[in-house]
Protein chains: 2
Amino acid sequence: MGEGKGARLSDVAKAAGVSQGTVSNVFNRPQLVRAEVREQVRMAAERLGYGGPDPKGRLLRAGKVNAIGVATSEPLGYFFEDPFARTLMQGITEACDANGTGISLVSAISEEALAWNMHNALVDGFILFCLVGADKLIAHSRERKLPFVALAFGETDDSISIIGIDNVAGARLAARHLVDLGHRRFAVLALEFEDGRAGPADLADVEAAIYPAPRERLRGYFEVLANAGVDVATVPIYNTLNEPETVAAGLEHIFSLKEKPTAILAQSDRIALEAMTWLRRRGYAVPRDVSVVGFDGVPEAALSEPPLTTISQPITELGRRAVNAILNPQAKPVQEYLEIELSVRGSTAAPRS
Amino acid sequence: MGEGKGARLSDVAKAAGVSQGTVSNVFNRPQLVRAEVREQVRMAAERLGYGGPDPKGRLLRAGKVNAIGVATSEPLGYFFEDPFARTLMQGITEACDANGTGISLVSAISEEALAWNMHNALVDGFILFCLVGADKLIAHSRERKLPFVALAFGETDDSISIIGIDNVAGARLAARHLVDLGHRRFAVLALEFEDGRAGPADLADVEAAIYPAPRERLRGYFEVLANAGVDVATVPIYNTLNEPETVAAGLEHIFSLKEKPTAILAQSDRIALEAMTWLRRRGYAVPRDVSVVGFDGVPEAALSEPPLTTISQPITELGRRAVNAILNPQAKPVQEYLEIELSVRGSTAAPRS
DNA sequence: AATGGGAATTGAATCGATTCAAAATTGGGC
DNA sequence: GCCCAATTTTGAATCGATTCAATTCCCATT
């Protein structure tokens, strides 16, 4: 038996004594083929150890991959670790399951890796996690000339499709809640302003921030604080990398200052949750000594002790819509901003007088 | 400008007045092309809006997809929700990042969906999550004639590559720990024995279990219990679906029996964690009233209150090895069984006398 | 026996690139 | 100027399927 490597469709055709087209039909639209011939072809396939048409071949001719790429400029592990990313993926996977679409994870440990991965990903479109590194992600997607949609992109830009929330409005809600409770001394634990930079920041840094989500959220906070008569120039801001170590470092920094805050504005639930852990360990009671408000509304936030007050995004809905945007691409880019809301839970209270 | 849909490599070649081969080289091995020509080609590409070779075309000729498929017979969301799956994915993603390989998630909401997805996935090999539905996953992988490796497969089978642990040994460790503490009244919260079935089970069901992991673990438990003089026929077993509702139903069932257990053997950490929540809500103190021991050793198990005593698998290492097995396929299938260990934490103690 | 029409099958073009042996060009040394 | 070797470029084959217009087959009618 001439076993080269694996049998091809054309080998089966030859063996069964029919044309390639017929074999293709046997596997893809069997009802078009007479039962007798069908059986013949099936047996020939069996005999040759042919397991059905190779998707590589089909792809080229038929065009659709039936998979959508989810891209981030973080390492792949991000999708399984970060609570916000995971919740977003829940929405995305739900919609993909419903549409019979697969998911390809595209990520980057380096800049070239990202470029290469995005240029070579076998997908029908991209969903971009734009919290960090949005510009690169968008540039590569453009080059691929595939439909794409930006998630968690902080900026407005009507040349691309965006599905997200109004960061400024969300941040206002958070700050207003604390102001209404009577707080006047604040600290901000922010997301990255630019690639990999952690540490204290000031107002000038905010305006120069490359990543828009942290910048916009800060604007919302400070708008409300300023209106409430707080001197925002004295509010400490610390850039974290959205993980335990830099959050701890930030709190270390903030609580070593003369004026200790009574309320912490955290730019993500992950930061907020981590902050609560740190505070408890240091003997600060939440919310008695310090109030904490998060941002995102991940499921974990409702289960912490105390449960976290936060700005809830309709995270899974964002994911669902992103998938739809890719699967039914519109002629013009679309921007959808979904409703956020303040979820008041146990981590905030009036400051001790 | 003849703008059909998108320019092809051959269009660029024509426009630049060079051969296809040269254009291909410009994009893939630029050092082979004279700088002058390179520039010409680049400009022609620019002019035509050509963003580089389409991976669909490359794929067919070059053969490698540069992505590995991770398959389960659960819905896609499973990868982002289940703590064991997530931890496993951490190991997998780590190894993939290191090798510049992408990940395609392949899943199933129905049996045909799984078949279709696996037959059409554009991947170089499969990593199979075999906790449930292993037979189907393996059958489809065989048909694709791609390298594949079974993870968390409970059985031994030297016709396929397996990376896993010794379930019986792990279960023995768990049971022995409880016996040594003095427990004599047990209950088992088991994983699914077969597709979608939850509810009480008896010894006959165990032997008939389709899914091997729960069966093997039960064997390990009962071997030790029997040796300690426990009448295993009276130990209640309840099949859960590894999620909150069926775990609660199981405990409801178990604690409505005459003889209440002083120790619970949970076949996964997720079950164990959920069980602890239920017990606390019902006023049973862990470990004072009831001891709980899990299985898996997911990171969350170390953070619960109290921290969970469990059988720790080297989960991320399993993932890493699986990736290596796919990327460097051996002629013969390999079986690797990694070391597990008992992690004694706060959820177990001697029973109240 | 001739006819018509629906069902089944064929054959060749096509998808978009890579590859590599062979041909063409370049440049250095004498 | 000429020759040879090294460097560039070309051209055609190839990867493995799908597609669809054209053809053949089959059978029921007249």
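Throughout, a chain's letter reflects where its sequence line sits, starting with A, and its residues are numbered from 1. Hydrogens, waters and symmetry mates play no part in the numbers below; they use all other heavy atoms, side chains included. Quantities reported herein were computed from a predicted structural model and do not represent experimental measurements.
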Atom [atom1] of [X] and atom [atom2] of [N]: how far apart are they, to the nearest Å?
X	N	atom1	atom2	value
B:K14	C:dA17	NZ	P	13 Å
A:K64	D:dT19	NZ	P	13 Å
B:L32	C:dT19	CG	C1'	12 Å
A:R144	C:dG16	CZ	C1'	13 Å

For nucleotides 22-25 of chain C, tabulate all protein N/O to nucleotide N/O atom pairs closer than 3.5 Å, reporting atom names and distance.
none

Nearest nucleotide by nearest heavy atom, which residue falls closer to the 5' end of DNA chain C, B:K56 or B:R29?
B:K56
Hey, are the side chains of [X] and [Y] touching, using non-hydrogen atoms and a 4.5 Å cut-off?
X	Y	answer
B:D124	B:L146	no
B:L59	B:L122	yes
A:F129	A:F79	yes
A:I160	A:E155	no

What is the per-nucleotide protein-contact pattern of nucleotides 10-15 of chain C, from the 5' end, where B denotes a base atom under 4.0 Å from a protein heavy atom, S denotes such proximity for sugar-phosphate atoms only, and - denotes neither?
B--BBB
Residues B:T316 and B:T87: closest non-hydrogen pair is CG2-O, 3.6 Å
Could you check whether the rings of A:F27 and A:Y50 sit parallel, tilted or perpendicular, using 30° and 60° as the cut-offs?
perpendicular
When you look at A:D82 and A:N242, which way does the side-chain hydrogen bond (donor to acceptor under 3.5 Å, both in side chains) test go after all the steps?
CA-CA 9 Å; A:D82 183 83; A:N242 202 31; 3.1 Å; yes
Would A:S159 and A:R142 count as a side-chain hydrogen bond (donor to acceptor under 3.5 Å, both in side chains) if you check the C-alpha gap in whole Å, the side-chain angles of each, and the deciding distance to 0.1 Å?
CA-CA 11 Å; A:S159 75; A:R142 281 224 165 89; 3.0 Å; yes
Report which part of the nucleic acid A:F27 touches: base, sugar-phosphate, or nothing (heavy-atom distance under 4.0 Å, all strands).
nothing
Does atom CD of B:E194 have more than 12 heavy-atom neighbours from other groups under 6.0 Å away?
yes
Axial bend angle, the helix from C:dA1-D:dT30 to C:dC30-D:dG1: five-pair end segments, nearest 10°:
40°
Measuring from the side chain of A:V33 (C-beta onward, heavy atoms only), which nucleotide among C:dA17, C:dT9, D:dA17 has the closest atom?
C:dT9
What verdict does the side-chain hydrogen bond (donor to acceptor under 3.5 Å, both in side chains) test give for A:S107 and A:T72, after you've listed the backbone C-alpha separation in whole Å, the side-chain angles of each residue and the deciding distance to 0.1 Å?
CA-CA 5 Å; A:S107 74; A:T72 168; over 6 Å; no
